[in-house]
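Residue numbers count from 1 along this sequence.
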Amino acid sequence: MEKLFEKLMYASRWIMAPIYLGLSLVLLALGMKFFQEIFHILPNVLEMKEVDLVLVTLSLIDITLVGGLIIMVMFSGYENFVSQLDVDEDDDKLGWLGKLDAGSLKNKVAASIVAISSIHLLKVFMNTENIANDKIQWYLLIHITFVLSAFAMGYLDKLTRKDK
């Protein structure tokens, strides 16, 4: 009975496979939003203020960072928790595939969140005349919380790796 239970529990990791596949649909949606923004600004680029163009550019960078985060979570999560990806060596294999353990993935996700938060904060600073001071303070506090959390997670990971 115990053996059956363990096999069933181990096989349940495959429940995550469709979830990781679903992330590719989110990636597709992000791609659509990215190009929607590009097609929206192209006809108006000559009339746009420089600040507005920079804000749109920061939004596009933000979308790109989120897309990279999705790919990282999708592939390394699948490899760490479901099954190894069988990609031929002659294909364009990502160099980090198979090298990110759960701890490294956690740190990379935290660093990506800090980068995304930095882009949002930069957008806020570029648009301060339209944002209330108390909201700016909240954005700054949230960003500092992300930075401190990422630093703490990285430091704790370093301590636990040193012990091994």
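- Other residues, nucleotides and ligands contribute over 12 non-hydrogen atoms within 6.0 Å of the CD atom of Glu129.
- Taking every heavy atom of both residues into account, Val73 and Tyr20 meet most closely at O-CE2, 3.7 Å.
- How far NZ of Lys158 is from CG of Asn107: 12.0 Å, rounded to the nearest 0.5 Å.
- Note: the hydrophobic cluster containing Phe146 does not contain Tyr139 (ILVMFWY, side chain heavy atoms under 4.5 Å, direct or indirect links).
- To the nearest 0.5 Å, the span separating NE2 on His143 from CG on Leu148 amounts to 9.5 Å.
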Task: CA sep, side-chain torsions, deciding dist, call: Asp52, Val56, side-chain contact (heavy atoms from CB on, under 4.5 Å) - done: CA-CA 6 Å; Asp52 293 335; Val56 171; 5.6 Å; no
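- In this structure, Leu69 is a member of the same hydrophobic cluster as Ile19, with clusters built from ILVMFWY side-chain heavy atoms closer than 4.5 Å.
- Rounded to the nearest 0.5 Å, atoms CG (Leu55) and NZ (Lys49) are 10.5 Å apart.
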List, one per line, each side-chain donor-acceptor pair under 3.5 Å for residues 3-14, sequence neighbours excluded.
unit_1: Ser12; atom_1: OG; unit_2: Met9; atom_2: O; d: 2.5
unit_1: Arg13; atom_1: NE; unit_2: Val82; atom_2: O; d: 2.7
unit_1: Arg13; atom_1: NH1; unit_2: Tyr10; atom_2: O; d: 3.0

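- Note: Glu50 CD to Leu53 CG = 7.5 Å, rounded to the nearest 0.5 Å.
- Linking ILVMFWY side-chain heavy atoms closer than 4.5 Å, directly or via other members, places Phe125 and Ile61 in two distinct hydrophobic clusters.
- Note that OG of Ser117 and CG of Leu65 are 11.5 Å apart. Values are rounded to the nearest 0.5 Å.
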Which side-chain N or O atoms in residues 22-48 pair as donor and acceptor under 3.5 Å with protein atoms at least two apart or in another chain?
unit_1: Ser24; atom_1: OG; unit_2: Leu21; atom_2: O; d: 2.4
unit_1: Lys33; atom_1: NZ; unit_2: Gln36; atom_2: OE1; d: 2.8
unit_1: Asn44; atom_1: ND2; unit_2: His40; atom_2: O; d: 3.3

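- Using a 4.5 Å heavy-atom cutoff, the side chains of Ser149 and Thr145 are in contact.
- Note: the hydrophobic cluster containing Leu140 also contains Ile131 (ILVMFWY, side chain heavy atoms under 4.5 Å, direct or indirect links).
- Under the 4.5 Å side-chain heavy-atom criterion for ILVMFWY residues, a single connected hydrophobic cluster contains both Ile63 and Val109.
- Taking CG of Leu121 as the start and CD1 of Ile142 as the end, the distance is 10.0 Å to the nearest 0.5 Å.
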